[in-house]
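Lettering of chains follows the sequences in order, A, B, ..., and the numbering in each one begins at 1.
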There are 2 protein chains.
Amino acid sequence: MQVTRAGEYGVLGLLCLARRGPGQVVMIDDVSREEKIPKSFLAKIFQSLARAGIVKSSRGVRGGFSLTRQPGDITTLDIIEAIEGPIAFQRCLQAPTDCPHTGGCPLCGLFSSAQTQVKDVFSRTTLADLLRGGSQRGHPKGAAGLPVSDAAAPTEFQRV
Amino acid sequence: MQVTRAGEYGVLGLLCLARRGPGQVVMIDDVSREEKIPKSFLAKIFQSLARAGIVKSSRGVRGGFSLTRQPGDITTLDIIEAIEGPIAFQRCLQAPTDCPHTGGCPLCGLFSSAQTQVKDVFSRTTLADLLRGGSQRGHPKGAAGLPVSDAAAPTEFQRV
DNA sequence: TGGAAATAAGACAGTTTTTGTCCGCTTTTG
DNA sequence: CAAAAGCGGACAAAAACTGTCTTATTTCCA
């Protein structure tokens, strides 16, 4: 139940790009040094981000990476799923055929609900939000300072 | 970003106990057969649950495990944390000293928020809820009910 | 009282995931 | 052309996950 280092590095790396301003091309080496992330690892992560279209890569001498969208249009869910793959609390939520409880799994509903909440938080927080929160204290007690509106309960349930 | 097999097995195993009625002593072997969970693995998991006080073990001939509380008083958060340890999206949320961003980590707030949501869902769902078919314990916040998402939802879950 | 039944505890092993590293390749600029 | 940068894949160490096995220890009851 963790966000991996790779996912964390990805967000931090993009945050670094976002701080330079939109369109700016930044080298892996700079991001690596600035955020203290192993360069080769970060390179791999940015390849994923490039494949996902979040970032544009330019090769050659004056190459590097740049954001393809405004920081306000890049959610942390975009980033994390680009790197770690789709968030899935259980296999059955990704591939229903894998669930052994064909007659109605008692847990799928629970896990689905938890998963929805997490995706909700991540999808409501963009790079721009994180930039604005930069002055905020390191370890908030609650969810203070984040754009998580408590009114946002996803209450559309579906028949199936 | 997954609930482990062990955690899932734990909930299923306790659900099995809950179905037998409170106070009933059930053997690992029965639960194992009924839920199709490897016996030795399940034994380990129940040891964790016993250490956490969720379940009482009796050794010897007529031994087995029994719930120490009513199913309505055992949350899935209790169970999962007993087995997997505390839910922590990032190391810094468990041990703030580990966070390298001393001047204010841009991510701790985000992760803390997501983590709170997950723990909220799990802490609002008890064994009794799962027995009833997945509805959650009442909560003033009236937060998200069960599955929102797409085709992954099993057939029996309906709007609550 | 002894044997059978049941959990307790810990060592061990196979697999997968995570976290990187490395190297040869291609692309781009000057 | 040479240097600089990312691309892609192979590789590897470490950790986590998923079990299995063995040896206690406890308890019941014939």
* Structure fact -> From the candidates D:dC17, D:dG6, C:dA6, the one with an atom nearest any side-chain atom of A:Ser57 is D:dG6
* Structure fact -> From the candidates D:dT18, C:dT7, C:dT19, the one with an atom nearest any side-chain atom of A:Arg5 is C:dT19
* **Derivation of the salt bridge (Lys or Arg N to Asp or Glu O under 4.0 Å) call for A:Arg20 and A:Glu34** => CA-CA 12 Å; A:Arg20 307 292 184 98; A:Glu34 206 160 304; 2.7 Å; yes
* Closest listed nucleotide, where the reference is the side chain of B:Val61 and the choices are C:dA8, D:dT27, C:dT18 -> D:dT27
* **hbond_proxy A:Lys39 side chain to C:dG20 base (donor-acceptor, 3.5 Å cutoff)** => no
* Pick the nucleotide of DNA chain C nearest each of A:Pro38 and A:Gly60; which residue has the one closer to the 5' end? -> A:Pro38
* **Test salt bridge (Lys or Arg N to Asp or Glu O under 4.0 Å) applied to B:Lys39 and B:Asp30, step by step** => CA-CA 9 Å; B:Lys39 178 181 166 179; B:Asp30 290 345; over 6 Å; no
* Asked: Please give, in whole Å, the distance from C:dA6 P to B:Lys56 NZ?
  -> 16 Å
* Nearest-nucleotide 5' precedence on DNA chain D, A:Gly64 against A:Met1 -> A:Gly64
* Nearest-neighbour nucleotide for the A:Phe65 side chain, C:dG20, D:dC17, D:dC7 considered -> D:dC7
* Taking side chain as C-beta onward, heavy atoms only, is A:Asp78 less than 4.5 Å from A:Phe122? -> no
* To do: Examine B:Leu14 and B:Val25 and state if one hydrophobic cluster contains both, with Ile, Leu, Val, Met, Phe, Trp and Tyr joined whenever side-chain heavy atoms are less than 4.5 Å apart.
  => no
* To do: Can you sort out the partners of A:Phe46 under ring-ring contact (aromatic ring centres under 6.0 Å, His included), two or more places apart, ordered by chain and number?
  => A:Phe65
* Structure fact -> Of C:dA8, D:dC28, C:dT21, the nucleotide closest to the side chain of B:Arg62 is D:dC28
* Write down the distance between CD (B:Gln47) and C1' (C:dG10), rounded to a whole number of angstrom. => 9 Å
* Asked: Is there a side-chain polar atom (N or O) of B:Arg51 under 4.0 Å from OP1 or OP2 of C:dA9?
  -> yes
* Round to the nearest Å and state the distance from B:Gln2 atom CD to C:dT17 atom P. => 9 Å
* **Separation of atom CG in B:Leu42 from atom C1' in C:dA8, rounded to whole Å** => 14 Å
* May I ask you to evaluate whether B:Tyr9 reaches the phosphate of D:dT18, defined as a side-chain N or O under 4.0 Å from OP1 or OP2? => no
* Answer with base, sugar-phosphate or nothing: what part of the nucleic acid does B:Ala50 contact at a heavy-atom distance below 4.0 Å? => nothing
* Should A:Thr126 and A:Ile74 count as side-chain neighbours, where that means a heavy-atom distance under 4.5 Å? -> no
* **Given D:dT20, C:dT7, C:dG20, the nucleotide with the shortest approach to the side chain of A:Phe41** => C:dG20
* Length of the line joining B:Ile28:CD1 and D:dT20:P, which is rounded to integer Å -> 13 Å
* Asked: Nearest-Å distance, CD1 (A:Ile45) to C1' (D:dG8)?
  -> 16 Å
* To do: Would you mind telling me which of C:dA4, D:dC7, D:dC21 lies closest to the side-chain atoms of B:Ser40?
  => D:dC21
* Hey, quick one: are A:Leu15 and A:Met27 part of the same hydrophobic cluster, counting side-chain heavy atoms closer than 4.5 Å, chains of contacts allowed? -> no
* Asked: C:dA5 C1' sits how many Å from B:Asp30 CG, rounded?
  -> 13 Å
* Is the base of D:dT25 touched by the side chain of B:Arg59 through a donor-acceptor pair closer than 3.5 angstrom? -> yes
* Nucleotide D:dC7, atom C1' - distance to CG of A:Asp29 in whole Å -> 16 Å
* For DNA chain D, the dot-bracket pattern of Watson-Crick and G-U pairs whose distances stay under 3.5 Å, | for other-strand partners -> ||||||||||||||||||||||||||||||
* To do: Side chain of B:Lys44 only, please: which of C:dA6, C:dG10, D:dG6 is the nearest?
  => C:dG10
* Asked: Below 4.5 Å, heavy atoms only, C-beta onward: do B:Phe111 and B:Gln90 meet side chain to side chain?
  -> yes
